[in-house]
Amino acid sequence: MANFDRRPDRASGEALDRARAQGQMHHSIATTLLVIAAARAERAAPPVHAARKRLAEVYGATRLRKRLERDAAQG
């Protein structure tokens, strides 16, 4: 028959603390992975993808124009 009046010993308390900490870590990792997946899905969405592509084109054109201006000023 089980003795329910017995207090858990120190070793089992530490084991429970480790298990709880590990469970919290697993939950944290799972939450982080969900956030990453959501960000990737949002970034790949057509309107966002198109906007990012357009900004990259503008940025590249601006850099090219500045480089050409520098080259023309140098010689």
Side-chain angles (χ1 to χ4, degrees):
M1 182 172 253
N3 184 357
F4 294 106
D5 293 332
R6 193 174 143 218
R7 293 180 160 237
D9 61 357
R10 183 175 170 177
S12 66
E14 289 173 2
L16 288 173
D17 289 341
R18 279 194 307 271
R20 186 176 297 115
Q22 186 175 11
Q24 289 171 345
M25 182 180 66
H26 287 173
H27 177 72
S28 177
I29 291 170
T31 302
T32 301
L33 291 174
L34 286 172
V35 169
I36 291 169
R40 290 184 72 180
E42 181 180 323
R43 187 177 289 170
V48 175
H49 182 71
R52 289 173 58 87
K53 185 176 179 183
R54 176 72 181 133
L55 286 174
E57 291 170 358
V58 169
Y59 178 71
T62 303
R63 288 187 63 201
L64 177 61
R65 182 183 49 81
K66 287 181 180 180
R67 191 179 91 210
L68 292 173
E69 288 174 357
R70 270 196 319 268
D71 291 349
Q74 291 177 352

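Sequence positions, counted from 1, serve as the residue numbers for this chain.
- Every pair tested for side chain to side chain donor-acceptor pair (under 3.5 Å) that includes a residue from residues 43-61 fails, sequence neighbours excluded, so the list is empty.
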For residues 20-39, tabulate all N or O donor-acceptor pairs below 3.5 Å that involve a side-chain atom, not counting sequence neighbours.
| unit_1 | atom_1 | unit_2 | atom_2 | d |
| --- | --- | --- | --- | --- |
| Arg20 | NH1 | Asp17 | OD1 | 3.2 |
| Thr31 | OG1 | His27 | O | 2.9 |
| Thr32 | OG1 | Ser28 | O | 2.9 |

Table please: side-chain donor-acceptor pairs of residues 63-75 below 3.5 Å, with sequence neighbours left out.
| unit_1 | atom_1 | unit_2 | atom_2 | d |
| --- | --- | --- | --- | --- |
| Arg65 | NH1 | Glu69 | OE2 | 3.1 |

